[in-house]
Amino acid sequence: MTATQVGASWRRTHNCGELREDHDGAQVTLNGWVQQRRNLGGIYFIDLRDRYGVTQIVLPEDLEAEVKLAREDCIAVTGVVAKREAPNDRMPTGQIELRAATVEKLSTSKTPPFEIEEKLDTAVELRLQYRYLDLRRPDMQRGLMHRSRFIGAMRNAFLKREFAEVETPILTKATPEGARDYLVPSRVHPGEFYALPQSPQIFKQLLMVAGMDRYFQVARCFRDEDLRADRQPEFTQLDMEMSFVEEEDIFAAWEGVLSETFRDSMGAEIPTPFPRLSWREAMERFGSDKPDMRYGMELIDAGPWVPHSGFGVFQSIVEGGGRVMGLCVKGGSEGISRGNIKKLEEVVKTYGAKGMAWWKPGLEGGAAGSIVKFCQGDSGAKLMEVMGAEEGDLCVFVADEEPVCWKALGALRTYVARTLEMIPSVDGADQGGSGPWNFLWVTDFPMFEWDAEPADGGKPRYVSQHHPFTAPDDWELAGDPAKMGSRAYDLVLNGWELGSGSIRIHRQDTQAKVFDLLGLGKEEIEMKFGFLLEALSYGPPPHGGFAIGLDRIVALTLGMESIRDVVAFPKTTAAADLMCHAPSTVDPHQMKDLFIQHADLPRPKEDGSKS
RNA sequence: GGGGAUGUAGCUCAAUUGGUUAGAGUGCCGGCCUGUCACGCCGGAGGUUGCGGGUUCAAGUCCCGUCAUCCUCGCCA
């Protein structure tokens, strides 16, 4: 009998994770992969693995000699369940074993390039090349299972709240601004291109105009930008939009959905409502629009000290409109050596600061630091007061334009917290799911940013901080664009930006004014957004929405640092798929069909690289 | 586009100041072993030191270039 026969007896009666003592004596068949073999001579053990667990199989040596089992062979085993002579309490199925009467090979396996085991120590490159083997590992399967449960729970939570799941096009229209688009040439329309959506933004707004009222979608989004541990060129959002709402309605909806999702998918309780912080306050206190509030060490305005310091460099920066800000690292005098201070300096320089001053306060002559001579006597006492510092602390300072101070010190705060292990460890879905889960709404983002060097080489201009469909605080857009507030908000979890959204512009006149402020010409507006403006002239409802990065929240809830481990088939930092070798060249006739040809290509790869 | 790290056996790593035949663990193959579960014991095979060039009597080691992977700045509305 072969495995391919219809009605063959190889089909499993149980999975590899479910047999227990009360199955003792039962005749069963298991299917799975050979995880491990132990040949004791005369008696032969194998651990049989599937997605549900591992069960020990015992077989007489002569039976093994017939089938010749190798690691990762896919087999069917039939026999009788028996209590073990020597139980293994570390395995859920450890009280029993399956005494094999017959073993059938369903397929054989070559020796795998790495061992299929939970503990992992293999180069990412190899794991990605053999992703189907990597995904056989139990921890990877648990990650994908958690992802499936999490998204399922979230979907249910939205459905329960009257949200309708609607799919939007993948082949769509290029939008200006924002990230680079992935383009798809059209065969039917020579010389024209579709773009893959960076998000379903405009479609979901049009669904509101259509009166769908409450929409959501598990939406794949595409952005042709450089990658990071938390960024893939294609990623998944839980995208939603609601009509007749303001900010608090959106927040409440998400707080409900998220607390339900955490409870249903991982048994975790998260307190609601989430705290809120204005963008300005987040920047001022944490130097980041996605602050990790699981620890303190907030930024401190050292401005009040500067007039007392007699330190010309700081004074002239303040007079020039800049700021002097700092951090006080409690106990940092001991914890951070001179060499480490050099590291801190490198960190702030990475973020555009010209330098970093530091000071270890010491009342009895023990003070040290690059600015110690300006911290004598009253000046030092004043500085300790401003910084809230005591002997044994380390104070660091950045003096620069406000955004530089924020950014550099915000990054430094994270770096120091990591170095000094101030960040609490997270119990993910695997470890009871107790977190801590530190959610935060960041609100009141600026409406516009000044772009001095547009990537397209165009003239300096304002760009939308969020996107051009975000409602301003003032529908009339009166006053200085640089100071205008918007109705955009972000959701932050443990220092990661999880998602963003806004109340949208539902007034055609306001939308037209925003396009105008962004420097778009009449023709350009008509060509790119004519259909949106047209739609806004047919009674659009006030509406707003939000989208959350599912890859990120799934990774975070597993306590992982990289979203690659919760994406089944991820791409490398060079946006390549090492398994199927995408991207790749195509046949010339395919290009001819699409009316495209190569411009000058960079020199082709000459090394022995596999792709 | 910029900065940093890494690249040695199938896998994870070692190899002193540039110096003899590039080692170990694991996996793989063969043999022995009837209660193992990281089974144990004995034996064996396995190397373009990412790729290309250079310096040198001599390069895994030094220099230049290049490729790949990871981290990161810019970028990511």
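Closest-nucleotide positions on RNA chain B for Met91(A) and Thr122(A) were compared, and the one nearer the 5' end corresponds to Thr122(A).
When distances are taken from the side chain of Ile43(A) to each of C13(B), C37(B), G35(B), the shortest belongs to G35(B). In the set C37(B), C70(B), C39(B), the nucleotide with an atom closest to the side chain of Leu128(A) is C70(B). The side chain of Asp226(A) approaches C75(B) more closely than any other nucleotide in the set G10(B), C75(B), U36(B). Comparing atom distances between the Thr111(A) side chain and each of C28(B), C71(B), G35(B) picks out C28(B) as nearest. With U26(B), C76(B), C28(B) as the choices, the nucleotide that has an atom nearest any side-chain atom of Arg71(A) turns out to be C28(B). Listed nucleotides: G35(B), A38(B), U26(B). Nearest to the side chain of Arg84(A): G35(B).
Counting non-hydrogen atoms under 4.0 angstrom, Leu227(A) reaches nothing in the nucleic acid. Within the nucleic acid shown, Asn88(A) comes within 4.0 Å of at least one base atom, counting heavy atoms only. Heavy atoms of Ser199(A) sit under 4.0 angstrom from at least one base atom. Pro233(A) comes within 4.0 angstrom of no nucleic acid atom, judged by non-hydrogen atoms across all strands. Within 4.0 Å (heavy atoms only), Ala574(A) reaches sugar-phosphate atoms of the nucleic acid but no base atom. Using a 4.0 Å heavy-atom criterion, one finds that Glu117(A) contacts no nucleic acid atom at all. Nucleic acid contact class of Gln465(A) (heavy atoms, under 4.0 Å, all strands): sugar-phosphate only. No contact: Arg127(A) has no heavy atom under 4.0 Å from any strand.
For Glu64(A) and U36(B), the CD to P distance is 19 Å, given to the nearest whole Å. As a whole-Å value, the separation of Glu61(A) CD from G31(B) P is 10 Å. Taking atom CG of residue Asp73(A) and atom P of nucleotide C28(B), one finds them 12 Å apart after rounding to whole Å. Rounded to an integer number of Å, the gap from CD of Glu118(A) to P of C11(B) is 22 Å. Regarding Asn39(A), its CG atom lies at a distance of 10 Å from the C1' atom of C39(B), rounded to whole Å. Distance, His581(A) NE2 to A68(B) C1': 13 Å, rounded to whole Å. In this structure, Glu449(A) atom CD and C75(B) atom C1' are separated by 12 Å, rounded to whole Å. Between the CZ atom of Phe114(A) and the C1' atom of U69(B) there is a distance of 15 Å, given to the nearest Å.
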Practice prompt. For Tyr489(A) and Phe445(A), run ring-ring contact (aromatic ring centres under 6.0 Å, His included): C-alpha distance rounded to whole Å, both residues' side-chain angles, the deciding distance at 0.1 Å, then the answer.
Written response: CA-CA 7 Å; Tyr489(A) 35 82; Phe445(A) 279 78; 8.8 Å; no
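For Trp441(A), the side chain to side chain donor-acceptor pair (under 3.5 Å) criterion is met by Glu255(A), not counting sequence neighbours.
For the pair Arg38(A) and C39(B), the criterion of a side-chain N or O lying under 4.0 Å from OP1 or OP2 is met. An OP1 or OP2 oxygen of C39(B) is reached within less than 4.0 angstrom by a side-chain nitrogen or oxygen of Gln36(A). Side-chain nitrogen and oxygen atoms of Arg231(A) include none within less than 4.0 Å of the OP1 or OP2 phosphate oxygen of C71(B). Listed pair Arg37(A) / C28(B) meets the phosphate criterion, a side-chain N or O lying under 4.0 Å from OP1 or OP2. The side chain of Arg228(A) contributes an N or O atom lying less than 4.0 Å from OP1 or OP2 of C73(B). The phosphate of U69(B) (OP1 or OP2) has no side-chain N or O of Lys571(A) nearer than 4.0 angstrom. When the side-chain nitrogen and oxygen atoms of Arg552(A) are compared with OP1 and OP2 of C76(B), none of them lie within a distance under 4.0 Å.
U49(B): no Watson-Crick or G-U partner with both key distances under 3.5 Å is found in any strand. With a 3.5 Å ceiling on both atom-pair distances, U16(B) lacks any Watson-Crick or G-U wobble partner. Pairing of C62(B), defined by two Watson-Crick or G-U wobble distances under 3.5 Å, is identified with G54(B). When Watson-Crick and G-U wobble pairs are counted only if both distances are under 3.5 Å, G40(B) pairs with C32(B). In this entry A68(B) has U6(B) as its Watson-Crick or G-U wobble partner, both defining distances falling under 3.5 Å. Applying the Watson-Crick and G-U wobble criteria (two distances, each under 3.5 Å), C76(B) pairs with nothing in any strand.
For C33(B) and G46(B), the P atoms lie 28 Å apart once the distance is rounded to whole Å. Annotation: U17(B) and C62(B) have their P atoms spaced 11 Å apart (nearest Å). When the C1' atom is compared between G25(B) and A9(B), the two are found 12 Å apart, to the nearest whole Å. Across C42(B) and C63(B), the matching P atoms stand 43 Å from one another, rounded to whole Å. Rounded to whole Å, the C1' atom of U49(B) lies 10 Å from the corresponding atom of U61(B). Rounded to whole Å, the separation between the C1' atoms of G50(B) and G60(B) comes to 12 Å. A15(B) and G52(B): their P atoms are spaced 25 Å apart (whole Å).
Side-chain atoms of Glu72(A) do not come within 3.5 Å of backbone N or O of Glu115(A) as any donor-acceptor pair. Checked by atom type and distance alone, the side chain of Glu18(A) pairs as donor or acceptor with a backbone atom of Asn15(A) at under 3.5 Å. For Ser486(A) (side chain) and Ala488(A) (main-chain N/O), a donor-acceptor pair under 3.5 Å exists by modelled atom type. Looking only at distances, a side-chain donor or acceptor of Arg552(A) sits under 3.5 Å from a matching main-chain atom of Glu497(A).
Side-chain contact check for Tyr194(A) versus Tyr182(A): every heavy-atom pair is 4.5 Å or farther apart.
Residue Phe45(A) and nucleotide U36(B) are classified as a stacked aromatic pair, their ring centres being separated by less than 5.5 Å at an interplanar angle below 30°.
A salt bridge links Arg131(A) and Asp134(A); the closest N-O separation between the charged side-chain nitrogens and carboxylate oxygens is under 4.0 Å. Salt bridge status for Asp230(A) with Arg228(A): absent, with no side-chain N to carboxylate O gap under 4.0 Å.
In this structure, OG1 in Thr93(A) is found 8.5 Å from CG in Asp47(A), a value given to the nearest 0.5 Å. One distance of note links OG1 of Thr443(A) with CD of Glu247(A); it measures 8.5 Å at 0.5 Å rounding.
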Could you tabulate the donor-acceptor pairs under 3.5 Å formed by side-chain atoms of residues 339-347 of chain A, not counting sequence neighbours?
from      : atom 1 : to        : atom 2 : distance (Å)
Asn340(A) : ND2    : Ser337(A) : OG     : 3.3

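For Glu225(A) and G74(B), a side-chain-to-base donor-acceptor distance below 3.5 Å is absent, hydrogens and geometry of angles not being considered.
Near RNA chain B, meaning a heavy atom under 4.0 Å from it, residues 342-353 of chain A has Thr350(A), Tyr351(A) in order of number.
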